[in-house]
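Below is one structure, written out as structure tokens, with a few remarks after it.
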Amino acid sequence: MTSELPPLLVMGPPALYSLFQSQNSNKYRFLDAFSSNLPLLQFLQTQQIHPSSVRAILCNPLQPVTADVIRSLPSLGIVVTVSVGSDHIDILECLRRCIHVVTLGTQFTADVADIAVALLIDVHFKISAGDRFARNWGPCKPLASPSGSKLGGKRVGIIGLGRIGGEVAKRLEAFDCTIMYHSRNKNPSVSYTFYSNVVDLASNSDVLVLCCPLTEQTKYIVNKEVMLALGKDGIIVNVGRGALIDEKELVQCLMKGEIRGAGLDVFENEPNVPEELFALDNVVLSPHAAAYTLDCFMDACEHVAKSLDAFFSSKSLIISPIT
């Protein structure tokens with residue numbers, strides 16, 4: 001009986017949720033809180049579920065798991081998120097309560113790195129802008145498409161040389177790019193030049209690629225000072241989190257030509273994208289889709305299923321590092 005299955009509180013569904021749900025319908029009673037406008041406790045009441053019965057949450061990065069949510073569920077033991085980052089989860093409250101937090105870890109690393117490089121290539125060569133031009137090109141319209149520039153030999157500063165940042169660096173080495181980086185600590189295993197100061201990194205870079213997690217320390221790590229240090233020929237690519245950049249200042253710098261362009265997969269107030277960016281040919285936008293491949297969706301579903309199976313069967317969990 002469905003009522004006898006352990007409840008799984010879904011605060012934000014993963015991609016391919018219907019497939020995941022059908023594959024695991026004999027294991028859990030799915031509580032789709034994301035589809036209700038009711039406060040959590042009221043929603044649980046409509047489902048005839050006592051808060052103490054909920055031991056697991058499944059969420060995505062657009063659905064915050066706050067301290068209030070965690071405190072309202074006295075038996076909560078695991079939060080599984082279908083994202084690499086965990087900034088939408090109150091990690092301190094989870095640590096205080098000894099609640100497991102499972103992220104996707106390395107599941108999306110290669111795909112996110114690929115998209116970072118793809119955005120950079122698009123901005124440099126103005127591929128998307130050229131596509132828009134070509135669709136309206138005709139006999140009466142002269143060839144005056146937006147001109148791009150080569151990527152080879154550019155100085156690339158990576159902010160956050162973790163798993164994703166490292167993969168971005170490897171890919172850009174193939175373009176003969178000079179790699180530099182800023183991280184919390186210098187990595188002795190790489191030969192790239194390390195900058196402890198982001199402004200200095202920007203001053204010596206043609207491109208900044210943001211791959212670091214969002215924390216209190218990294219919020220607005222790219223501010224107006226950094227953008228001006230990067231300069232009018234500089235390009236910013238962000239595949240981390242939107243609030244790593246002061247978005248209002250970014251918009252102004254792009255519109256005024258104080259930086260050359262940007263490739264953005266993430267935004268500060270998702271799903272809202274600054275409308276000022278829509279008309280700019282020096283900007284390439286992606287809807288937080290850096291890892292949106294069918295392969296990754298399937299891998300993510302498998303990872304979530306295994307993590308929940310291990311938790312409910314009291315087996316040892318392989319916890320992905322909090323990023």
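In this chain, residues are counted from 1 in sequence order. If you're wondering where the values come from, they're calculated on a predicted model, not measured in any experiment.
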Is [Y] reachable from [X] through a run of I, L, V, M, F, W or Y residues, each pair having side-chain heavy atoms under 4.5 Å apart?
X      : Y      : answer
Val207 : Val112 : yes
Val266 : Leu62  : no
Val199 : Tyr220 : no

(request) Give the minimum heavy-atom separation between Ala305 and Asn24, together with the two atoms involved. (result) CB-OD1, 4.1 Å

Are [X] and [Y] close enough that some pair of their side-chain heavy atoms sits under 4.5 Å apart?
X      : Y      : answer
Leu19  : Met298 : yes
Leu120 : His124 : yes
Leu44  : Leu9   : yes
Leu40  : Val69  : yes
Val304 : Pro14  : no
Leu244 : Val222 : no
Leu172 : Val117 : yes
Arg55  : Leu8   : no

(request) Evaluate the criterion side-chain contact (heavy atoms from CB on, under 4.5 Å) for residue pair His100 and Val79; output intermediate values, then yes/no. (result) CA-CA 6 Å; His100 297 296; Val79 178; over 6 Å; no

Would you call [X]-[Y] a salt bridge at under 4.0 Å N-O?
X      : Y      : result
Asp281 : Lys126 : no
Arg71  : Asp68  : yes
Lys306 : Glu302 : yes
Lys170 : Glu173 : no
Asp206 : Arg155 : yes

(request) Evaluate side-chain contact (heavy atoms from CB on, under 4.5 Å) for Leu277 paired with Leu285, printing each intermediate quantity in order. (result) CA-CA 8 Å; Leu277 299 178; Leu285 306 174; 4.1 Å; yes

Checking [X] side chain against [Y] main chain: does a donor-acceptor pair fall under 3.5 Å?
X      : Y      : result
Asp32  : Ser35  : no
His288 : Asp265 : no
Thr193 : Met180 : no
Asp176 : Gly152 : no
Asp200 : Ser203 : no
Ser205 : Leu208 : no
Thr218 : Pro213 : yes
Ser75  : Ser52  : yes
Tyr181 : Ala169 : no
Asp122 : Ser128 : yes

(request) Determine the sole option in Asp246, Leu250, Ile245 for which the side-chain contact (heavy atoms from CB on, under 4.5 Å) test with Lys248 is passed. (result)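 Only match with Lys248 under side-chain contact (heavy atoms from CB on, under 4.5 Å): Asp246.
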
(message) Using the rule side-chain contact (heavy atoms from CB on, under 4.5 Å), only one of Tyr192, Tyr195, Phe194 pairs with Lys186; which is it?
(response) Phe194

(request) Would you please test Cys211 and Val168 for side-chain contact (heavy atoms from CB on, under 4.5 Å) and show each step? (result) CA-CA 9 Å; Cys211 304; Val168 171; 4.1 Å; yes

(request) Quick one: sort the Phe20 and Phe30 rings into parallel, tilted or perpendicular, breaks at 30° and 60°. (result) perpendicular

(request) Step through it carefully: locate the ring centre of Phe43, locate the ring centre of Phe34, and say whether they are under 6.0 Å apart. (result) no

(message) Under 3.5 Å, is there a donor on one side chain and an acceptor on the other for Thr81 and His88?
(response)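 Short answer, yes.
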
(message) Assess the residue pair Arg171 and Glu167 against the criterion (salt bridge (Lys or Arg N to Asp or Glu O under 4.0 Å)); give the C-alpha distance rounded to whole Å, side-chain angles, the decisive distance to 0.1 Å, and a yes or no.
(response) CA-CA 6 Å; Arg171 285 155 173 74; Glu167 289 299 315; 2.7 Å; yes

Only distances under 3.5 Å count here; give the side-chain donor-acceptor pairs of residues 223-230 to other protein atoms, sequence neighbours excluded, each with its distance to 0.1 Å.
unit_1	atom_1	unit_2	atom_2	d
Asn223	OD1	Glu225	N	3.2
Asn223	OD1	Val226	N	3.1

(message) Does Arg184, at its CZ atom, have more than 12 non-hydrogen atoms belonging to other residues, nucleotides or ligands within less than 6.0 Å?
(response)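 Not buried by this count: 12 neighbours or fewer within 6.0 Å.
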
